> 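My structure is below; once you've seen it, I'll send some questions.
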Amino acid sequence: MADVKPGISGGRLSQSDYAVNFGDIHPPLDAHEALVESDRCYFCHDAPCQVACPTAIDIPMFIRQIQTGHPKSAAKTIFDQNIFGGMCARVCPTETLCEEACVRMEAEGKPVKIGLLQRYATDAFMADGGQPYERAKPTGKKVAVVGGGPAGLACAHRLAMHGHEVTVFEARPKSGGLNEYGIAAYKSTDDFAQKEVDFILGIGGITVQNGKKLGAGLDLADLQKDYDAVFLGIGLQGVNALGAQNDDAAGVEDAVGYIADLRQASDLSALPVGRRVVVIGGGMTAVDVAVQSKLLGAEDVTIVYRRGPEQMKASAYEQEVAQTRGVRIKHWAMPKAVIVKDGKAVGLTCEYTSEANGKLTGTGETFDLPADMIFRAIGQAYVDFTGGKLALEGGRIKVDDEKRTSVRGVWAGGDCVAGGQDLTVASVDDGRRAAESINLFLKA
Amino acid sequence: MADLRSHFIGIKSPNPFWLASAPPTDKEYNVVRAFKAGWGGVVWKTLGEEGPPIVNVNGPRYGAIHGADRRLLGLNNIELITDRPLEVNLQEIKRVKREWPDRAMIVSIMVPCNEDSWKAILPKVEETGCDGIELNFGCPHGMSERGMGSAVGQVPEYIEMVTRWCKQYSRMPVIVKLTPNITDIRYPARAAKKGGADAVSLINTISSIVSVDLDNFAPVPTIDGKGSHGGYCGPAVKPIALNMVAEIARDPETRGLPISAIGGVTTWRDAAEFISMSAGTVQVCTAAMTYGFRIVEEMKTGLARWMDEKGYATIEDFRGRAVPNVTDWQYLNLNYVTKAHIDQDLCIKCGRCYAACEDTSHQAIFKEKDGKRHFEVNDAECVACNLCVEVCPVDNCITMVRQTEGVDPRTRRKINPDYANWTTHPNNPMALKAAE
């Protein structure tokens with residue numbers, strides 16, 4: 001039965017409903033399913049799936065290893081390219097990456113379930129504990145990694161493999177970055193993000209200092225002095241403003257912060273959610289917060305996006321996930337003003353939009369959506385904590401192919417760098433590439 | 001609708017699909033279920049001598065080779081002949097034949113290689129009213145260690161001798177079942193014919209070890225840590241059976257000898273192929289053991305529809321049509337030139353053709369066009385080996401296209417429309433020279 005408590009409230013569902021709603025969205029394959037699915041792979045030459053993977057995992061090889069009874073070898077193949085293979089298997093938008101490129105997509109519109117097979121392999125490895133890599137002989141070189149998210153930890157792991165001594169500085173109490181504080185809960189269940197962090201740190205040679213934030217006691221110049229190289233994987237700390245009237249009213253929330261609260265909540269029933277929720281934005285964060293609001297018991301959830309379905313950064317599949325869970329997506333509309341009563345948001349006035357010659361304008365016609373809770377999910381922004389030392393490009397840190405910044409001895413990767421795809425897998429690739437570059441630099 | 005009725009050495013059956021002598025035909029219960037499902041006939045599981053029946057192992061009897069999705073491609077067994085008393089089998093055979101008079105009832109027999117043993121069992125079998133007997137000279141495991149089964153089938157003189165006894169001591173049509181575990185199948189077939197056999201059936205199973213259990217280092221199926229070779233059957237053996245059937249069909253000494261074909265028949269198409277190679281009936285086992293008796297429905301409807309489409313009213317209308325086209329390599333037309341062609345609309349760009357050709361064959365496939373993934377045959381290198389066709393996952397995407405005029409871009413030789421084979425080829429030192 002729908003919970004119709006007005007306003008913003010927790011406890012909209014029974015405890016068992018929370019457990020069901022926030023269970024694994026794609027349950028893992030069992031051994032039989034994995035064998036059936038791996039049999040479907042054609043072992044393509046120069047496989048399109050591998051080309052489409054930002055970390056260039058040898059997908060045909062790992063699937064063949066599953067098929068021939070060695071899921072742990074498969075996991076090693078995956079980890080060689082992507083130490084976050086376990087999380088990427090859960091959160092990658094495979095429908096726009098490897099699985100979209102799968103030739104069986106062209107053949108019959110049903111790609112090999114690469115993401116689920118990757119999860120099968122990495123789960124098999126991680127279930128037994130242990131670490132697939134040994135550290136090289138200690139080099140005596142020290143590297144500072146700022147940010148314990150996917151980019152930073154991927155970089156740290158690869159550096160540790162090469163025998164360097166790594167210190168990771170992480171602002172939050174837990175490492176993992178958006179794997180831990182972002183991402184919809186149903187994509188990473190059972191505290192997987194922390195298990196993966198432990199797995200990665202298991203290689204040794206990596207020290208994590210939590211609660212250390214750049215610009216708040218941690219200074220780039222000091223790091224440059226104390227370490228042989230520095231890697232910045234600091235993500236995006238700023239949240240874009242809504243730019244609508246009254247957008248500071250109570251009930252207007254930042255989606256990223258709300259998801260972080262949700263991910264850290266030990267009791268989801270204690271997390272308040274509006275009866276009527278409106279989400280502004282068109283990316284994965286918008287979908288994640290909208291779907292989770294619905295799963296927390298919101299009666300009506302509407303995503304408002306200023307352009308059409310094709311322009312949404314959330315893939316068609318993600319949009320479908322939202323819609324099949326009862327989220328309405330209102331395209332071609334933008335927020336105009338938050339309707340406030342007694343200091344609280346009670347609705348949102350939106351204006352219809354249209355596009356002409358690539359330029360988006362409001363049509364002047366408006367409509368109102370009732371809303372107790374309005375989420376901003378319109379992107380995040382890079383905030384400089386280095387005193388303007390690093391050259392920027394498009395508002396983010398400028399890097400070259402090897403992820404070197406404009407400052408010698410400083411590398412950067414992940415969401416904070418220009419050209420970032422805001423994907424876990426792309427951040428992991430940045431971190432690994434930077435580590436290889438740093439390794440060459442340190443050995444020179 | 002095509003007429004599927006079969007008349008094979010005087011034995012009538014409503015269709016040419018018989019169940020082979022094997023576990024599915026070991027007892028009344030199974031055979032009645034088979035007849036209800038629509039099988040045209042059965043060869044009852046091999047009977048042995050009167051007396052205490054043989055015993056089977058009490059551990060696993062089968063091992064298998066699987067393809068994708070555990071599709072069973074090859075089955076191996078170490079089961080022996082029937083382990084039920086002779087009298088029980090004879091009573092059941094008699095009863096089933098009486099209740100199903102329109103179905104073919106053949107009884108498989110294997111007794112020691114002496115005249116008295118055969119003389120003793122033949123009247124008992126004949127008394128059941130069965131339509132004929134099949135002599136099991138094929139079983140390669142267990143019984144062969146006791147001088148029966150393939151131990152007989154590997155000695156043409158024994159085949160001839162036993163066949164002659166059977167013709168001498170019974171009026172039943174005699175089918176001799178041949179073992180493939182022999183160098184040249186024509187010798188046992190000739191022996192069977194010489195002994196007076198009405199037909200041969202082939203192939204029996206192939207001696208095999210299907211796999212090794214890597215934990216115990218023992219062949220599979222494993223009996224208390226040991227394994228013994230078994231008999232291999234199923235889709236994997238069809239090509240071997242088809243060749244052996246063809247060899248007998250085109251051997252001048254055995255040409256016209258009726259054949260009941262056995263070996264990996266799984267679909268109507270397999271059956272049609274064996275019949276086109278002169279088989280009068282086909283015997284099925286593994287397919288039934290994999291999928292159950294219902295598959296005969298697909299076989300019957302499939303064969304009938306294909307016959308209708310081709311305009312064949314009866315089995316005899318196409319039986320043996322492929323035999324004249326089986327020849328020796330030396331007579332193949334060396335002037336016949338084809339090139340592989342990839343249908344770009346069907347191509348899914350997996351690149352398997354490229355990998356196969358580039359790594360293992362003739363480097364005759366391009367993998368790129370205008371900087372894009374695109375697979376196309378390079379006629380200047382293509383020898384038309386057909387490997388790309390066989391590794392392509394899409395049916396009919398790659399085909400062989402005949403070149404009938406112009407120049408072969410590979411050899412730079414003009415296409416010669418005339419037939420010419422190795423026997424007259426200039427590179428052949430043994431070539432037949434035209435009279436000077």
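Chain naming here is simple, since letters A, B, ... match the order of the sequence lines and numbering starts at 1 in each. Not measured: the values here are computed from a predicted model.
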> Does the pair A:R90/A:D123 count as a salt bridge with the N-to-O cut at 4.0 Å?
yes
> Does any heavy atom of chain A fall under 4.5 Å from the side chain of B:C353, the backbone, both, or neither of them?
neither
> Can you tell me how the ring of A:F199 sits relative to the ring of A:F79, calling it parallel under 30°, perpendicular over 60° and tilted otherwise?
tilted
> Side chains of B:E358 and B:I365: closer than 4.5 Å at any heavy-atom pair?
no
> With a 6.0 Å cut-off (strictly less than), is the heavy-atom count around NZ of A:K398, excluding the residue itself, greater than 12?
no
> Based on non-hydrogen pairs under 4.5 Å, which of B:A356, B:G351, B:P393, B:C347 is most in contact with chain A?
B:P393
> Contact part of B:R70 toward chain A, heavy-atom cut-off under 4.5 Å: side chain, backbone, both or neither?
backbone
> Determine the option with the most heavy-atom pairs under 4.5 angstrom with chain B, choosing from A:A47, A:P60, A:C44, A:A107.
A:C44
